[in-house]
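Position 1 is the first residue of the sequence, and the numbers go up from there.
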Amino acid sequence: MENETLNVKGMSCGHCVKSVEGSVGELQGVDQVIVNLEDGQVTVSFDNGLVTLEKIKETIDDQGYEVE
């Protein structure tokens, strides 16, 4: 398992947290998603043999947030 912490712009409320956690958490190979709303960060634990970091970033972008 790999762990990555991403800086994400545009998250401002509980709905944002649920949106990111839900969409990223549904990806095959993602073990855990932790959103820190205050710091604007998303930490993801994933199996890079099943899902790429790029796919995770795309999924966050698709929810309307910007991965820096």
(request) Hydrophobic side-chain clustering at under 4.5 Å (ILVMFWY, transitive links): who's grouped with Ile34? Put none if nobody. (result) none
(request) Give me the other members of the hydrophobic cluster that Leu50 sits in, counting Ile, Leu, Val, Met, Phe, Trp and Tyr linked by side-chain heavy atoms under 4.5 Å, directly or via other members. (result) none
(message) Working to the nearest 0.5 angstrom, can you tell me the gap between Ile56 CD1 and Ser23 OG?
(response) 10.5 Å
(message) Taking the side chain as everything from C-beta on, heavy atoms only, tell me whether Val33 gets closer than 4.5 Å to Phe46.
(response) no
(request) Write down the atom of Val51, the atom of Gly29, and the distance for their closest heavy-atom approach. (result) CG1-C, 4.0 Å
(request) Determine whether Ile60 and Leu6 make a side-chain contact, defined as any pair of heavy atoms from C-beta on separated by less than 4.5 Å. (result) yes
(request) Identify, with sequence neighbours excluded, every residue that meets side-chain hydrogen bond (donor to acceptor under 3.5 Å, both in side chains) alongside Ser12. (result) none
(request) Kindly write out the residues that satisfy side-chain contact (heavy atoms from CB on, under 4.5 Å) with Val17, not counting sequence neighbours, or none if the list is empty. (result) Glu21, Val35, Leu37
(request) Look at the side-chain heavy atoms of Ile, Leu, Val, Met, Phe, Trp and Tyr, link any pair under 4.5 Å apart, and say whether Met1 and Val44 land in one connected group. (result) no
(request) Return each pair, listed once, that meets side-chain hydrogen bond (donor to acceptor under 3.5 Å, both in side chains) where at least one residue sits in residues 47-63; pairs must be two or more places apart or across chains. (result) Glu2-Asn48, Ser19-Gln63
(message) Test: salt bridge (Lys or Arg N to Asp or Glu O under 4.0 Å). Region: residues 7-19. Which pairs qualify, not counting sequence neighbours?
(response) Lys9-Glu68
(message) So which atom in Cys16 and which in Gly10 form the shortest heavy-atom distance, rounded to 0.1 Å?
(response) SG-O, 4.2 Å
(message) Enumerate the side-chain hydrogen bond (donor to acceptor under 3.5 Å, both in side chains) contacts for residues 25-44, please, sequence neighbours excluded, ordered by first and then second residue.
(response) Thr5-Thr43, Asn7-Gln41, Asn36-Asp39
